[in-house]
Protein chains: 2
Amino acid sequence: MSETQEQPSRGPQLSEQVAQRLSDAIQAGEWGRGARLPTEAALGERYGISRSVVREAISMLRNGGLVTSRRGSGSFVAESPTVSLRLAIPDPDIQSVIEVLELRRPLEVEAARLAAERRTLSQLRRIRNAMVDIDEAVEAGLSGVDQDLAFHRTIAEAANNTHFTAVLDFYNRFLHHAIRVTRTNESLRETFMLQVVGEHQAILDAIAAGDAEAAARAAAIHLEHAETRLRQAPTDLLKSALERVEAQRSSVAVTPSESESVSVSESTEHTGDNPQ
Amino acid sequence: MSETQEQPSRGPQLSEQVAQRLSDAIQAGEWGRGARLPTEAALGERYGISRSVVREAISMLRNGGLVTSRRGSGSFVAESPTVSLRLAIPDPDIQSVIEVLELRRPLEVEAARLAAERRTLSQLRRIRNAMVDIDEAVEAGLSGVDQDLAFHRTIAEAANNTHFTAVLDFYNRFLHHAIRVTRTNESLRETFMLQVVGEHQAILDAIAAGDAEAAARAAAIHLEHAETRLRQAPTDLLKSALERVEAQRSSVAVTPSESESVSVSESTEHTGDNPQ
DNA sequence: TGCGGCTAATTTGTCAGACAAGATGTTAAA
DNA sequence: TTTAACATCTTGTCTGACAAATTAGCCGCA
């Protein structure tokens, strides 16, 4: 029959075009939330493509959270829309870290302010515990980076607004990679931690007292200092870290496997998993 | 040959298992950043599956930003791993909008501050144009929501820190859905816009003058007022809007034209559905 | 009529083989 | 040495088939 069979324009990535079209169609309301969309065969005929391409396109939408598929039943438009934000983790350079900290600062400051107003007693307790954890980790010879981030996270939690924890967690995953680079120097760590402990204490005290403005000020000071410390990080240290990463990139790229003795093994950690 | 051909355990979604395995292998450093991973045929043999499944698995990783594929060349581990943040868009309720605005406020304030310090002349010009666009849209009888968001986006751009635009774009997607609900009342719009125009002008003036603190103050005032206006939105209006949305759930009507932005992508996802 | 269970049709998931479209490396020619 | 043609490899797409799971219909029965 003279079915409409829209002809896909010859371009790059046929399946991508189809995914885009399907996405548009869904967002245009052609099939409502939870509705079952046509079978793969039908879609293939409609767009004039094979089932393989339809499957790849649907696979993309599924990964994007737009569609869910049930074997034997069909593919369905997802019930609740989502937006997703993606951040690439480049080779650690100080500039990108600073950019992230610029964003973090106002968020942390506001989180501290809200935490002072809203924190429950149990949340206050957890903030205290997190501070203790940092000390213990440092005394145990660890970098304390994770504990440091965890401390800030408890504050964000105490703000009782899920978006703060979501965004800060998001960027913490980035910083987790990057900060490690700047804190490997032993001599630095000591003076560093002395300063940090005091600043953390000030934030905690203000939150405990319920003084929103003081908490905000303390957090602002802490984060400004953090950025200053980062800018003052010895460039040779950063450079050597970068070289190490570079060296790993080429060596691993050549050898197939078998090398368990990777020097900086954690640099390829990522995560873009699908938290479904 | 005594190839190791690991046998996949019979479970849900074979391709998913393979994707997980590949993801684990990559994170374990089996193939470094930018390295080419085995051909689809080789992977199929290795895991004892067909090429289709390998392709689906790789498709997932590709969508997750973990690998990139080039036709004729191969599939490669992505140069920069990525982290992703996902936000479900619930049925619009005023509480969730307020939570988002709480997060937005400090970001917008900081963006305005940075914009006052860093904006180029062309960026300043674009902010001005965006403000004019709002007026024109309102005079044309439109809601002006899109133009309003665009205005704020030009300010975020002028901060010259990509993360501000990324995060604000991210939440704008959410607000785009939600705000529409609160601004459909005609009588509200007029007084609303009168107020808003003045506040916008104050921000623009401060940015034009390069006065960071004034820009921050103006932005803070604007966003506090925005939240106040939202809280004062007549509940019956909101309720009717919610009902409308309920009725709309069977046919989602979203803005059709949304060209892809770099790091923010919209989808419509859900969480847990219980069909029958 | 109402209901339970069996069967058949439908639909996605997986398999297998083939060709098309690019990319890469090698060789031959200028 | 540089350039152009070629052979080979790899992903992208097509086609057809079967397996697995769900859904709908049908039949028998109380």
Side-chain angles (χ1 to χ4, degrees), chain A residues 5-22 26 31 34-78 253-254 256 274 276, chain B residues 5-22 26 31 34-79 273-276:
Chain A
Q5 196 196 341
E6 329 174 7
Q7 196 66 11
S9 64
R10 280 297 154 191
Q13 299 319 99
L14 183 53
S15 54
E16 223 168 283
Q17 301 176 38
V18 176
Q20 187 60 49
R21 286 193 171 197
L22 278 175
I26 289 174
W31 308 287
R36 201 180 83 185
L37 38 88
T39 69
E40 294 172 350
L43 286 175
E45 192 173 357
R46 168 172 174 172
Y47 293 116
I49 54 179
S50 75
R51 210 186 130 204
S52 319
V53 178
V54 175
R55 282 191 61 75
E56 284 234 17
I58 289 183
S59 170
M60 294 180 194
L61 302 188
R62 197 168 35 226
N63 267 342
L66 196 86
V67 162
T68 60
S69 299
R70 288 201 297 276
R71 162 189 242 166
S73 180
S75 291
F76 303 81
V77 178
V254 176
N274 18 357
Q276 291 170 354
Chain B
Q5 198 192 343
E6 329 173 7
Q7 194 67 9
S9 65
R10 278 294 152 193
Q13 297 320 101
L14 184 52
S15 54
E16 226 168 278
Q17 301 176 38
V18 176
Q20 187 59 51
R21 286 194 173 198
L22 279 175
I26 290 174
W31 308 288
R36 200 180 84 184
L37 37 88
T39 68
E40 294 172 350
L43 286 174
E45 192 174 354
R46 166 171 176 174
Y47 293 116
I49 55 179
S50 74
R51 211 186 129 202
S52 316
V53 179
V54 175
R55 282 190 62 75
E56 284 231 15
I58 288 183
S59 170
M60 293 181 194
L61 302 188
R62 196 169 35 227
N63 265 356
L66 195 60
V67 309
T68 58
S69 299
R70 289 199 298 276
R71 166 190 232 155
S73 181
S75 291
F76 304 80
V77 178
E79 290 288 343
D273 56 272
N274 37 5
Q276 276 87 14

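Excluded from the calculations below are hydrogen atoms, water molecules and symmetry mates; all remaining heavy atoms, backbone and side chain alike, are included. Each chain gets a letter, A, B and so on, in the order its sequence line appears, and its residues count up from 1. A quick note: this is a predicted structure, and the numbers were derived from the prediction, not measured.
Contact record, B:E79 with B:G34: OE2-CA, 3.4 Å, taken as the closest heavy-atom pair. For the pair B:I58 and B:V67, the tightest heavy-atom approach, listed with the atom from each and the gap, is O-CG2, 3.9 Å.
Regarding B:E16, its CD atom lies at a distance of 14 Å from the C1' atom of C:dT12, rounded to whole Å. Residue A:L43 contributes atom CG, which lies 17 Å from atom C1' of D:dC14 at whole-angstrom precision. Atom pair A:R71:CZ and C:dT12:P shows a separation of 12 Å (rounding to whole Å applied). Between the CZ atom of A:R70 and the C1' atom of C:dT10 there is a distance of 14 Å, given to the nearest Å. Across the protein-nucleic acid pair, A:Q13 atom CD and D:dT11 atom C1' stand 9 Å apart, rounded to whole Å. Put simply, OH on B:Y47 is 15 Å from P on C:dC15, counting in whole angstrom units. Here D:dT11 presents its C1' atom at 9 Å from CD1 of B:I58, a figure rounded to the nearest Å. B:F76 has its CZ atom 10 Å from the C1' atom of C:dT24, to the nearest Å.
Distance from the side chain of A:E40 is smallest for C:dG13 among the nucleotides C:dG13, C:dG22, D:dT10. Comparing atom distances between the A:S69 side chain and each of D:dT10, D:dG12, C:dT12 picks out C:dT12 as nearest. Side-chain proximity of B:I49 to the nucleotides C:dC15, C:dT11, C:dT12 is greatest for C:dC15.
In this structure, B:E16 does not pair ionically with B:R21, as no charged nitrogen and carboxylate oxygen lie closer than 4.0 Å.
Partners of B:R51 according to the salt bridge (charged side-chain N to carboxylate O under 4.0 Å, His left out) rule, which considers only residues two or more places apart in sequence or in another chain, are B:E40.
The closest side-chain heavy-atom distance from B:I49 to B:L43 is not below 4.5 Å. A heavy-atom distance below 4.5 Å is found between the side chains of A:L37 and A:I26.
Of the two residues contacting DNA chain D, namely A:S73 and A:S15, the nearest-nucleotide position lying further toward the 5' end is that of A:S15.
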Identify each donor-acceptor pair in which a side-chain atom of residues 71-78 of chain A lies under 3.5 Å from a protein atom, sequence neighbours left out, and give them as a table.
{"unit_1": "A:S75", "atom_1": "OG", "unit_2": "A:S69", "atom_2": "OG", "d": "2.8"}

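Taken residue by residue, residues 50-57 of chain B places heavy atoms nearer than 4.0 Å to DNA chain C at B:S50, B:R51, B:S52, B:V53.
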